[in-house]
Number of protein chains: 4
Amino acid sequence: MVRITKDPEVRRNELMDAAERLFLEKGYDHTSASDIIRAVGVAQGTFYYYFKSKDEILDAVIDRYFESYAKFIEQIADDRRMDALQKLLYIVETLFSEKRGKSRPAGHRDLERKVSQHERYQQHIDEKITPIIMRIVKQGILEGIFDVEYPTETTELIVLIVEHLHDDIRLRDDRKRRKTTMKVAWSMIEKALNVPPGSIQLHS
Amino acid sequence: MVRITKDPEVRRNELMDAAERLFLEKGYDHTSASDIIRAVGVAQGTFYYYFKSKDEILDAVIDRYFESYAKFIEQIADDRRMDALQKLLYIVETLFSEKRGKSRPAGHRDLERKVSQHERYQQHIDEKITPIIMRIVKQGILEGIFDVEYPTETTELIVLIVEHLHDDIRLRDDRKRRKTTMKVAWSMIEKALNVPPGSIQLHS
Amino acid sequence: MVRITKDPEVRRNELMDAAERLFLEKGYDHTSASDIIRAVGVAQGTFYYYFKSKDEILDAVIDRYFESYAKFIEQIADDRRMDALQKLLYIVETLFSEKRGKSRPAGHRDLERKVSQHERYQQHIDEKITPIIMRIVKQGILEGIFDVEYPTETTELIVLIVEHLHDDIRLRDDRKRRKTTMKVAWSMIEKALNVPPGSIQLHS
Amino acid sequence: MVRITKDPEVRRNELMDAAERLFLEKGYDHTSASDIIRAVGVAQGTFYYYFKSKDEILDAVIDRYFESYAKFIEQIADDRRMDALQKLLYIVETLFSEKRGKSRPAGHRDLERKVSQHERYQQHIDEKITPIIMRIVKQGILEGIFDVEYPTETTELIVLIVEHLHDDIRLRDDRKRRKTTMKVAWSMIEKALNVPPGSIQLHS
DNA sequence: TATGAATGAGTTTTCATTCAT
DNA sequence: AATGAATGAAAACTCATTCAT
């Protein structure tokens with residue numbers, strides 16, 4: 001009725017925000033375009049003005065997420081003040097912590113799960129996230145901190161653990177369990193990298 | 001037209017087989033009741049004679065799967081001829097191997113993924129699979145083979161790794177990579193259990 | 001609400017009848033599936049139970065029409081009691097007459113026009129109608145009644161005239177004009193076939 | 001963004017050109033206002049600044065076409081250097097020829113067909129084209145070249161043949177067939193006008 | 001004159017489920 | 001036990017048109 005015009009960039013993001021939230025809450029298949037539309041409070045046509053289909057907004061949401069996720073990890077990888085071990089620990093602790101600001105993107109593996117679009121999601125992990133972690137692992141090897149026979153597979157396993165724990169554990173654990181789980185997980189990572197145990201302290 | 005009567009149990013299983021296959025292929029949400037019906041070649045009504053809803057057949061499929069999965073792991077856990085380490089290795093190797101007979105159930109984490117019913121699935125893992133593995137881990141501790149500070153969390157992590165690798169890796173890896181990945185993963189498990197490395201040999 | 005089950009053949013034809021009528025009245029594009037559904041008084045799903053799409057029911061309607069049209073012309077072509085000229089005249093007069101029973105199918109070039117599916121329609125004419133007329137023309141040549149240099153093209157032209165007049169004229173002419181037009185058209189056909197003029201009488 | 005201002009007349013014609021092309025290609029109903037807008041590269045609003053509705057631009061396109069068509073035929077009708085038979089032959093040959101410059105308007109019966117606006121189109125034929133041909137026929141009668149009992153109906157039939165052949169034949173015929181068809185058609189027209197056969201030669 | 005974001009009613013289509021036989 | 005025609009609510013998507021700038 002009342003026509004509210006906004007900067008297209010803003011509108012587009014409003015729609016993606018609502019879509020992201022709903023996809024995570026109810027899953028992609030159980031979220032209708034109308035749900036998103038209602039949430040934003042625009043007309044049916046407005047949605048399709050910005051996105052050709054429901055599928056397209058999902059793509060956009062996943063892309064946007066990985067862009068910010070990769071950026072976050074990249075910043076750490078590029079940080080001169082930390083050595084490789086510190087970097088990994090920082091990433092792990094951040095992804096495991098409950099409070100995440102915008103700079104610490106929320107776990108979207110839920111999204112993947114609800115979205116039944118695993119391929120696309122895994123591709124992003126493989127192409128955008130794993131290579132950055134690999135850089136850190138290789139840095140650690142060069143620095144002489146890590147001693148790894150199969151860097152590729154080890155990196156992939158670390159990413160796997162972190163990614164899955166990141167979401168899985170959080171779903172079912174209370175805080176104490178989470179802390180213990182993280183301790184154990186971190187210990188596994190240390191051992192995988194052949195780091196002398198206790199060479200770094202978990203915070204809190 | 002032609003009315004074909006079968007043993008109800010047979011019919012029921014035919015429907016579940018078709019449903020399982022289709023859910024794995026296309027996902028639960030993208031499989032329609034009619035798809036299942038068409039695959040089996042019965043009438044619409046027949047489906048609803050056996051299952052109250054599409055949801056119910058999913059439950060039945062998951063239950064049936066976990067029943068056979070748990071049974072398989074249980075047999076190993078109960079096997080007197082292996083020690084705890086051998087049991088774990090046997091389970092890991094079986095789940096990672098390509099050829100699985102009926103006694104070696106196929107990975108259904110795909111199903112979970114496509115089914116967007118993670119909760120139900122995870123619950124089965126937590127309630128049926130993890131406890132059995134836990135028994136093995138505790139057996140190992142008693143046998144003095146394992147040295148674990150947090151058995152619960154460690155077991156959960158092992159299950160997590162095995163479960164996810166089981167599917168994830170298989171999707172994207174060639175054989176050689178798979179073998180290396182398994183080697184690395186097994187090595188992580190050994191270290192998590194504080195087993196002296198090389199105390200057991202990976203087959204092949 | 002009240003569920004009325006009918007012989008599928010009957011239902012299917014009910015839907016096609018309504019579709020045919022509406023397509024002719026308002027045109028294909030201005031007829032919605034819901035219009036057809038409402039006209040028949042069934043549920044939305046019933047339509048799609050019988051036809052996969054609006055496009056498919058159009059196909060079915062055109063096919064059905066041409067089947068009956070071709071059958072009608074074929075009967076005449078096969079009639080032993082008439083010579084070639086009588087047959088042509090009979091066809092022309094029938095198609096031009098206002099009252100047509102079921103054996104004298106109504107002009108559907110309107111449909112084509114409204115349907116913007118000329119290709120499909122023309123194909124039916126070319127493949128089903130023209131060959132039958134061609135048979136009659138050739139019969140006439142053998143009988144020595146017709147004298148035609150280019151039978152193929154002449155037949156096509158006759159079909160063209162008859163087909164178009166059939167619908168075009170009817171739309172805008174009053175009865176007297178129609179009669180005169182038919183007289184003139186028939187005279188053109190006679191001349192095209194080099195029939196001595198007046199060798200046969202137009203009725204009424 | 002960049003605002004390009006043009007002579008309104010130019011803009012208007014750009015829009016009509018695009019509309020005409022698209023209507024002929026895909027049909028009126030399957031051409032969206034946005035298609036036209038995109039083709040020209042203007043904003044949504046610009047279209048509606050020039051035309052109140054999609055319907056109105058169709059009217060404009062048809063009118064523009066018939067204006068040029070009628071003008072072309074009128075010039076021939078007014079030409080003092082040809083007798084009536086020459087004029088008709090010239091028109092027929094032009095409409096049948098493949099290459100047409102701007103002075104030889106393209107067949108728009110396709111348009112009608114795709115536009116499902118037969119009434120409007122036929123009205124233009126009846127009001128603008130048929131009368132001019134009628135003038136030529138009457139001229140021929142006065143000149144003593146034609147001998148026609150029912151000039152009105154005969155003229156209408158000639159127009160009908162020419163109009164339909166013009167498009168129909170062209171769609172499906174190869175060149176040789178087209179030539180033969182034209183020969184046969186012209187022969188029918190000659191006979192309809194009772195012109196002694198061979199009193200004029202077809203070119204090429 | 002021109003822009004382009006926004007509208008919203010309408011359309012096609014899907015599909016889990018029911019029910020008379 | 002089994003059939004399959006029928007249901008209807010809801011979903012995805014389209015598009016002519018408007019309007020604030």
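Order of the sequence lines fixes the chain letters, A, B, ..., with proteins taken first and strands second; residue numbering starts at 1 for each chain.
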Going by atom type alone, with no hydrogens or angles, which donor-acceptor pairs under 3.5 Å involve a side-chain atom of residues 4-11 of chain A and a protein atom two or more places apart or on another chain?
unit_1: Lys6(A); atom_1: NZ; unit_2: Glu14(A); atom_2: OE2; d: 2.6
unit_1: Asp7(A); atom_1: OD1; unit_2: Glu9(A); atom_2: N; d: 2.8
unit_1: Arg11(A); atom_1: NE; unit_2: Glu14(A); atom_2: OE1; d: 3.3
unit_1: Arg11(A); atom_1: NH1; unit_2: Ile4(A); atom_2: O; d: 3.4

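- One atom, NE2 of His30(C), and another, C1' of dA16(F), lie 12 Å apart when rounded to the nearest Å.
- Sequence neighbours left out, the pairs with a member in residues 34-45 of chain B that pass salt bridge (charged side-chain N to carboxylate O under 4.0 Å, His left out) are Lys26(B)-Asp35(B), Asp35(B)-Arg38(B).
- Atom CD1 of Ile36(D) is separated from atom P of dT14(F) by 18 Å (rounded to the nearest Å).
- Summarising the geometry, the separation between CZ on Arg12(A) and P on dG4(E) is reported as 17 Å, rounded to the nearest angstrom.
- For Ile57(A) and dC13(F), the CD1 to P distance is 12 Å, given to the nearest whole Å.
- Counting only distance, with no hydrogens or angles, the side chain of Thr46(A) and the backbone of Val42(A) share no donor-acceptor pair below 3.5 Å.
- Here the P atom of nucleotide dA11(F) and the CG atom of Asp55(A) are 17 Å apart, to the nearest Å.
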Could you run down nucleotides 6-12 of chain E 5' to 3' and tag each one B, S or - for protein heavy-atom contact under 4.0 Å? BBBB-SB
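- With sequence neighbours left out, the salt bridge (Lys or Arg N to Asp or Glu O under 4.0 Å) criterion links Glu67(C) to no other residue.
- Every residue two or more places apart in sequence or in another chain was checked for a salt bridge (Lys or Arg N to Asp or Glu O under 4.0 Å) with Glu127(A), and none qualifies.
- Residues satisfying the salt bridge (Lys or Arg N to Asp or Glu O under 4.0 Å) criterion with Arg64(D), sequence neighbours excluded, are Asp17(D), Glu20(D).
- Pairs passing the salt bridge (charged side-chain N to carboxylate O under 4.0 Å, His left out) check and including a residue from residues 40-51 of chain B, sequence neighbours excluded, do not occur.
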DNA chain E base-pair string [pairs: Watson-Crick or G-U under 3.5 Å; |: paired with another strand]: .||||||||||||||||||||
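- Ile37(A) places its CD1 atom 12 Å from the P atom of dT14(F), with the value rounded to the nearest Å.
- For Arg12(C), the salt bridge (Lys or Arg N to Asp or Glu O under 4.0 Å) criterion is met by no residue, not counting sequence neighbours.
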